[in-house]
Amino acid sequence: MTQLLDGNLLAKEIKNKICKIIEKKILKKHKRIPHLGIILTGNNSSSITYVNNKIKECENIGIKSSLIHLPINTSEKELLEKIKGMNQNPHIDGFIVQLPLEKHLNQDKIILSINPKKDVDGFHPENFGKMALDMKAFFPATALGILTLLEKYKIQISGKYTVIIGRSRIVGRPISILMSRKNNPGNSTVTLTHSKTPNIEFYTKQADIIIVAVGIPGFLKGKMIKKGSIVIDVGIHSHEKKILGDVDFYSVYGKASYLTPVPGGVGPMTRVMLIKNTLIAALNNR
Ligand code: NAP
């Protein structure tokens, strides 16, 4: 039997805890609610949806959010000016620049310009490097959300064999670092696969845990996994008014021991982890 890992339920629990912390620790003492800044460039419909969801999440929890939506032809100089404004604004506790950026904008330069203390996405090399060195830092929200979900369901990762499909900076690579770190949670033996990995099935068939962040709907099929494995589906795809993941749900369901549904698995965990990072930034900032 496959048990679904309910990201909606856990995200709700975490939101309730965050609300209490805001009420007891922040509002009573500091009289100012945490504030997340968001910079969005262009008209990418997925990015607009993600940003709207983040703003809605802030409203639900009682965190302030400010959006700067810049036109598609915004120059790098103009974007860097907006980031400077967020860095210097004492009322902004943390902020994100929604990715991906338009092709004419240098993503590395943009990420490097964010003050690491306000980098609640955890993409700045200072935070990413600290994460890789087992130091305290802002961790990318999706990776943090996956770890939290595994922990909640008491799924042991130490000593297990984890295969990750996809090595993006925002999902695959950070989760590979966190799963394999010499820390708790961590201590998993990790194989990070990507588009140049021949015969991915060879790895997935041996894996105890499979994390799929490949960006191809239904990529992981039931025949690619061993019975009883734990499957985490990061993918999000809109298809004929339905949301699909990177896992072929119906062939994996029944064979895996645990599986994250899409929607309702990793997505809500990612959103709430961004809020958690903003709360930490707010506490650090007071
Ligand atoms: P991405 O930046 O496009 O990276 C995709 C990765 O998959 C790359 O490393 C790529 O390899 C690899 N890949 C592509 N085709 C492959 C193949 N045939 N076999 C093996 N590996 C292959 O994607 P991403 O940003 O990580 O996002 C992945 C998915 O997760 C998307 O559906 C996205 O919408 C979703 N997502 C969900 C959340 C959430 O909160 N649930 C958060 C972020 C992203 P190369 O490196 O060799 O190109």
Side-chain angles (χ1 to χ4, degrees), residues 4-8 10-11 14-15 38 40 44-57 96-103 107-108 111 120-123 128 138-150 162-179 190-205 207 210-221 223-225 231-239 242-249 259-277:
L4 294 179
L5 302 175
D6 192 337
N8 277 331
L10 179 55
I14 297 170
K15 279 182 224 170
I38 302 174
L40 170 67
N44 179 311
S45 61
S46 302
S47 292
I48 292 173
T49 305
Y50 291 147
V51 163
N52 285 339
N53 287 340
K54 287 168 189 175
I55 292 171
K56 226 184 275 165
E57 204 74 274
I96 63 164
V97 178
Q98 183 66 39
L99 301 179
L101 294 171
E102 310 305 323
K103 286 215 165 65
Q107 185 173 297
D108 289 349
I111 290 174
V120 286
D121 256 343
F123 297 156
F128 214 88
F138 289 119
F139 295 164
T142 304
L144 199 54
I146 294 170
L147 281 191
T148 310
L149 200 51
L150 291 170
T162 299
V163 171
I164 296 161
I165 311 177
R167 59 177 163 186
S168 72
R169 290 182 188 189
I170 63 166
V171 187
R173 250 184 273 182
I175 193 63
S176 75
I177 291 170
L178 292 173
M179 294 292 284
V190 172
T191 297
L192 182 57
T193 67
H194 45 76
S195 69
K196 305 288 183 289
T197 306
N199 196 7
I200 283 186
E201 251 182 89
F202 170 79
Y203 303 96
T204 53
K205 274 182 174 162
I210 307 169
I211 300 173
V212 198
V214 71
I216 301 172
F219 181 87
L220 186 84
K221 309 269 188 285
K223 63 176 187 200
M224 294 166 74
I225 70 168
V231 178
I232 306 294
D233 188 353
V234 181
I236 304 177
H237 309 274
S238 296
H239 179 74
K242 271 190 179 166
I243 307 283
L244 300 177
D246 285 348
V247 172
D248 179 35
F249 186 88
L259 172 62
T260 55
V262 177
V266 176
M269 291 305 297
T270 298
R271 290 195 293 277
V272 80
M273 288 300 133
L274 175 66
I275 305 288
K276 188 178 172 192
N277 278 348

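Start at 1 and go down the list; that is how both ligands and their atoms are numbered. By convention here, the first residue in the shown sequence is residue 1. These numbers come from the heavy atoms of this one structure, side chains and all, not from hydrogens, waters or symmetry mates.
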For ligand 1, which atoms have a heavy atom of [X] less than 4.0 angstrom away?
X	answer
Gly267	40 (O), 41 (N)
Phe219	17 (C), 18 (N), 19 (N)
Gly235	29 (C), 30 (O), 32 (O), 35 (C)
Ile216	15 (N), 18 (N)
Val171	26 (O), 43 (C), 44 (C)
Tyr50	34 (O)

Looking at [X] and [Y], what are the two nearest heavy atoms and their distance?
X	Y	result
Pro174	Phe128	CD-CZ, 3.8 Å
Asn277	Phe139	ND2-O, 3.1 Å
Thr204	Met224	OG1-O, 2.7 Å
Gly7	Pro268	C-CG, 3.7 Å

Do any N or O atoms from the side chain of [X] and from the backbone of [Y] form a donor-acceptor pair under 3.5 angstrom?
X	Y	result
Asp248	Lys221	no
Thr260	Asp233	yes
Thr191	Val163	no
Ser168	Val171	yes
Asp246	Phe219	no
Arg167	His194	no

Among protein heavy atoms, which lies nearest [atom], and at what distance?
atom	answer
atom 32 (O) of ligand 1	Ile236 N, 3.2 Å
atom 31 (C) of ligand 1	Gly215 CA, 3.7 Å
atom 1 (P) of ligand 1	Ser168 CB, 4.0 Å
atom 9 (O) of ligand 1	Arg167 N, 2.8 Å
atom 6 (C) of ligand 1	Gly166 CA, 3.5 Å
atom 16 (C) of ligand 1	Val214 CG2, 3.5 Å

Hey, does [X] come in under 3.5 Å of ligand 1, counting only N/O atoms on both sides?
X	value
Val234	yes
Gly172	no
Ser195	yes

Quiz item: Nearest protein heavy atom to atom 3 (O) of ligand 1: under 4.0 Å?
Solution: no
Q.
Closer than 4.0 Å and a protein heavy atom, does any atom meet both conditions relative to atom 27 (O) of ligand 1?
A. no
[X], portion touching ligand 1 at heavy-atom distance under 4.0 Å:
X	answer
Thr197	neither
Thr193	neither
His237	side chain
Thr142	side chain

Does Ala213 have a heavy atom less than 4.0 Å from any atom of ligand 1?
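Right, Ala213 reaches ligand 1.
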Is there side-chain contact between [X] and [Y], with at least one heavy-atom pair below 4.5 Å?
X	Y	value
Ile243	Ser238	yes
Ile38	Lys54	yes
Arg271	Asn53	yes

(Q) Just verifying a value: how many Å separate Leu99 CG and Asn44 CG, rounded to the nearest 0.5 Å? (A)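 It comes to 11.0 Å.
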Closest to atom 40 (O) of ligand 1 (heavy atoms only, candidates Ile170, Thr270, Ile200) is Thr270
